[in-house]
There are 2 protein chains.
Amino acid sequence: MNLRELSEILGLSQTTVSRALNGYPEVAEETRRRVREAATTYNYHPNNRARSLATGRSMSIGHVIPVSTQHEIVNPIFTDFISGAGEAYAAAGYDLTLKMVSDGDEDEVYRDLANRGSVDGVIVHGPRVDDRRIAMLSELGLPFVVHGRATGSTREYSWLDVNNRRAFYRATSFLIDFGHRRIGLINGIETMDFATRRRTGYREALEEAGIVPCPELIAHGEMTERHGYASARQMLNDAMPPTAFVVASVICAIGVRRAVQELGLIVGRDVSIVIYDDDLSYFKSGDDIPVFTAVRSSVREAGRNAANMLLDIIAGTGDAPRQRLMEAELTVGSSTGPAPDLAPHRQRG
Amino acid sequence: MNLRELSEILGLSQTTVSRALNGYPEVAEETRRRVREAATTYNYHPNNRARSLATGRSMSIGHVIPVSTQHEIVNPIFTDFISGAGEAYAAAGYDLTLKMVSDGDEDEVYRDLANRGSVDGVIVHGPRVDDRRIAMLSELGLPFVVHGRATGSTREYSWLDVNNRRAFYRATSFLIDFGHRRIGLINGIETMDFATRRRTGYREALEEAGIVPCPELIAHGEMTERHGYASARQMLNDAMPPTAFVVASVICAIGVRRAVQELGLIVGRDVSIVIYDDDLSYFKSGDDIPVFTAVRSSVREAGRNAANMLLDIIAGTGDAPRQRLMEAELTVGSSTGPAPDLAPHRQRG
DNA sequence: TTGAAAGCGGTACCAT
DNA sequence: ATGGTACCGCTTTCAA
């Protein structure tokens, strides 16, 4: 059933039927009622492609997810983020076009999206330090919002980010306040922008307390159990081992804990662990971590916010780039027991 | 730059230009060369929407992911599956439209997708036992492939699945062969079709060995650490505790291990654990599991296969429903130590 | 308040 | 081998 058929049945013009269905004010209420009824009866649904062609808007937003060929993990936080964004799109009648793209081909994917008009805007995921995609998208004229930020980009652009620097500043300060002086940082991949911000927050906290950051106590890598294990193991074997860790993901923390245990140390007594993770849903507030502090933010909400930001931009409600920094939530305690004593227990040597 | 403009520049008709660009044989090679060159020079890209309207194909595939409102977890295997499917789509010039949809609205989403012609086919994710979506999609006439199966559906339909029954049959038999008689099953949510198949495989292995399956040794739930912990804990506190567990996810297994340890038992000595997981990439072959057997299959490959299956169906290369069962891969050993002795160590009581 | 008709940017049939 | 033209299904001026 298409518009022409429906209008013929009703004995009205396509114009009127279209207007009635799209809520134009000049249609008589009685006519509108008839049209709506007929649309339901005959199960009429406007064809998306035709509408898109006529209006020039595709009513779809692109999400481009970099899938690294080296790092086999597709970050699950994308899933939550997108799920939040999806809600916003559904409410606004937009579709979501997903592009998983391996490292090299990214530019082309964006160009293609813009050139072929398959989407009205894009959300950029996983920005790297000094990400060149931002300049490219600005030039393409395709509206976009970055999930995260790209340090070093000279242009203005729209983004939504969690305050990673602040979260890690707080997590580190938290440990320092308990008396820790040697604190290891198990961080993400160094080229990712969020990892550099986290490191900055960590460093700031140390420096503020008069502690000189020590390169051996900072590890970068993919967020896996193995990375947590290997990094912690190495740090703990050092002449001056850390008494605490700030860990950038729950999964990593599991590895850290294993390393600690293998050395005959006890988590929460000999070594304290503070975890940051964008999403702890798998662990229901860190069930598996006997001693922990979780700094958490709602990824789903971030997705919804970013999507709405982009829809606003597309609607042209304003031209200036929009920025939004979400603060992370700090939770202290363990769901499996009493709140841990985070003070360094004794000096080992 | 659109087709009309390009053809005017070239002094050719739109028809010829279109044919040249789309590889029709009747175009003179010299003409084709000129056209291609001009297309590059003027950065011409055909508009997707217009093409879709003209051809009647949207060149997009829908993936509908059920996002349960109760269970806050979005299964990360979707991510890998979709990433594999994305490769297939990219190669075939298709887009991927993603719909994350909460329980209630599913029907409407499929109807909408079909009615508005936004996609040429869909992949159905997370089928439940006797899933009504299959009947609905058949009636809608929208080509679809199910990732998994729906027991109880009377119709023929296309699907791609991992042989869950067989994987759990093997995992269970494996433990039985080592002498275990009381084996706990930590399974997924009961209404999910894959969970019932897994349970069937587990039961078959037991029955074949003359062991009567015991309801207290079967736990269903969301695949979280908490579920693994709580279920294992309860089973181990029973008068007749299990000497081994078959666990349906790595995350669950972490909880199982915690439960075992809390009771002063030792994994690999007092209690054996066999894990099945669709994707172990987070753990790099189960780093964190000192004793394990992983039955693993490549989710990404499954996604690619399912996508190609659907594209075949759409291309009409055949009309009969296609089915494909992928066998899981069995790995025995631990990356963190020697292959474990899986025999039950001693009788506790 | 309603309708006629000109697009939107391609594809594909029918001529030549 | 190339061109003319009628669509595809909807939106949107302009006219009545």
Side-chain angles (χ1 to χ4, degrees), chain A residues 1-36 38-39 42-60 93-95 112-120 315, chain B residues 1-36 38-39 42-60 93-95 112-120 315:
Chain A
M1 172 68 55
N2 63 25
L3 188 62
R4 188 180 47 72
E5 291 165 353
L6 184 65
S7 62
E8 277 167 10
I9 288 173
L10 283 161
L12 289 167
S13 71
Q14 293 189 36
T15 314
T16 304
V17 176
S18 171
R19 280 197 278 237
L21 258 18
N22 290 311
Y24 282 65
E26 64 264 38
V27 179
E29 269 318 307
E30 165 59 13
T31 309
R32 193 191 303 280
R33 200 195 49 69
R34 272 181 61 217
V35 171
R36 285 219 174 108
Y42 295 100
N43 194 31
Y44 167 76
H45 290 268
N47 180 303
N48 247 321
R49 303 188 290 267
R51 179 193 293 228
S52 286
L53 181 57
T55 57
R57 286 166 298 143
S58 66
M59 297 303 278
S60 184
Y94 274 77
D95 278 343
D112 221 57
L113 245 24
N115 287 329
R116 317 185 88 94
S118 348
V119 299
D120 296 332
Chain B
M1 171 67 54
N2 62 26
L3 189 61
R4 188 179 47 72
E5 290 166 353
L6 184 66
S7 60
E8 275 167 11
I9 289 174
L10 282 161
L12 289 167
S13 72
Q14 293 189 34
T15 313
T16 304
V17 176
S18 172
R19 282 198 278 239
L21 258 16
N22 290 311
Y24 282 65
E26 63 264 37
V27 179
E29 271 318 308
E30 166 58 13
T31 309
R32 194 191 302 280
R33 199 194 50 69
R34 272 182 60 219
V35 171
R36 285 218 175 107
Y42 296 100
N43 193 32
Y44 167 76
H45 290 268
N47 180 303
N48 248 321
R49 303 188 289 266
R51 174 185 290 201
S52 286
L53 181 58
T55 58
R57 287 164 298 142
S58 67
M59 297 304 277
S60 184
Y94 274 77
D95 278 342
D112 221 57
L113 245 23
N115 288 330
R116 318 184 88 94
S118 350
V119 299
D120 296 332

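Residue numbers begin at 1 in each chain, while the letters A, B, ... track the order of the sequences.
Across D:dG3, D:dT12, C:dT11, the shortest atom-to-atom separation from the side chain of B:Ala54 is found for C:dT11. Across C:dC8, C:dA12, C:dT11, the shortest atom-to-atom separation from the side chain of B:Tyr24 is found for C:dA12. Side-chain proximity of B:Asn47 to the nucleotides C:dG9, D:dG3, C:dT2 is greatest for C:dG9. In this structure, of C:dA12, D:dT11, D:dA1, it is C:dA12 that holds the atom nearest to the side chain of B:Thr15. When each of D:dG3, C:dG10, C:dA4 is scored by its nearest atom to the side-chain atoms of A:Ser13, the top-ranked nucleotide is C:dA4. Comparing D:dG9, C:dT11, D:dT11 against the side chain of A:Ser18 picks out D:dT11 as the nearest. Comparing C:dT1, D:dA1, C:dG10 by their closest approach to the side chain of B:Ala50 singles out C:dG10. Side-chain atoms of A:Ala28 lie closest to C:dT2 of the nucleotides D:dC10, C:dT2, D:dG9.
Side-chain nitrogen and oxygen atoms of B:Arg51 include at least one within less than 4.0 Å of the OP1 or OP2 phosphate oxygen of C:dT11. Of the side-chain N and O atoms in A:Thr55, none sit less than 4.0 angstrom from OP1 or OP2 of D:dT11. When the side-chain nitrogen and oxygen atoms of A:Thr31 are compared with OP1 and OP2 of C:dT2, one or more of them lie within a distance under 4.0 Å. Between D:dG9 and A:Tyr44, no contact under 4.0 Å exists linking OP1 or OP2 to a side-chain N or O.
Heavy-atom nearest nucleotides on DNA chain D were determined for A:Pro46 and for B:Gly11, and the one closer to the 5' end corresponds to B:Gly11.
Ionic pairing of B:Glu30 and B:Arg34 is not present here: no N-O contact between side-chain nitrogen and carboxylate oxygen is shorter than 4.0 angstrom. We find that B:Glu29 and B:Arg33 are not joined by a salt bridge, their nearest charged nitrogen and carboxylate oxygen being 4.0 Å or further apart.
The interatomic distance linking A:Leu3 (CG) with C:dA4 (P) rounds to 13 Å, in whole Å. Between the CD atom of A:Gln14 and the P atom of D:dT13 there is a distance of 17 Å, rounded to whole Å.
A:Arg19 comes within contact range of at least one nucleobase, with a heavy-atom separation under 4.0 Å.
Contact check for B:Tyr44 versus B:Leu21: side-chain heavy atoms found under the 4.5 Å cut-off.
No donor-acceptor pair closer than 3.5 Å links the side chain of A:Arg116 to the backbone N or O of B:His45. A donor-acceptor pair is defined here as one N or O able to donate and one able to accept, closer than 3.5 Å; such a pair exists between the side chain of A:Arg32 and the backbone of A:Tyr24.
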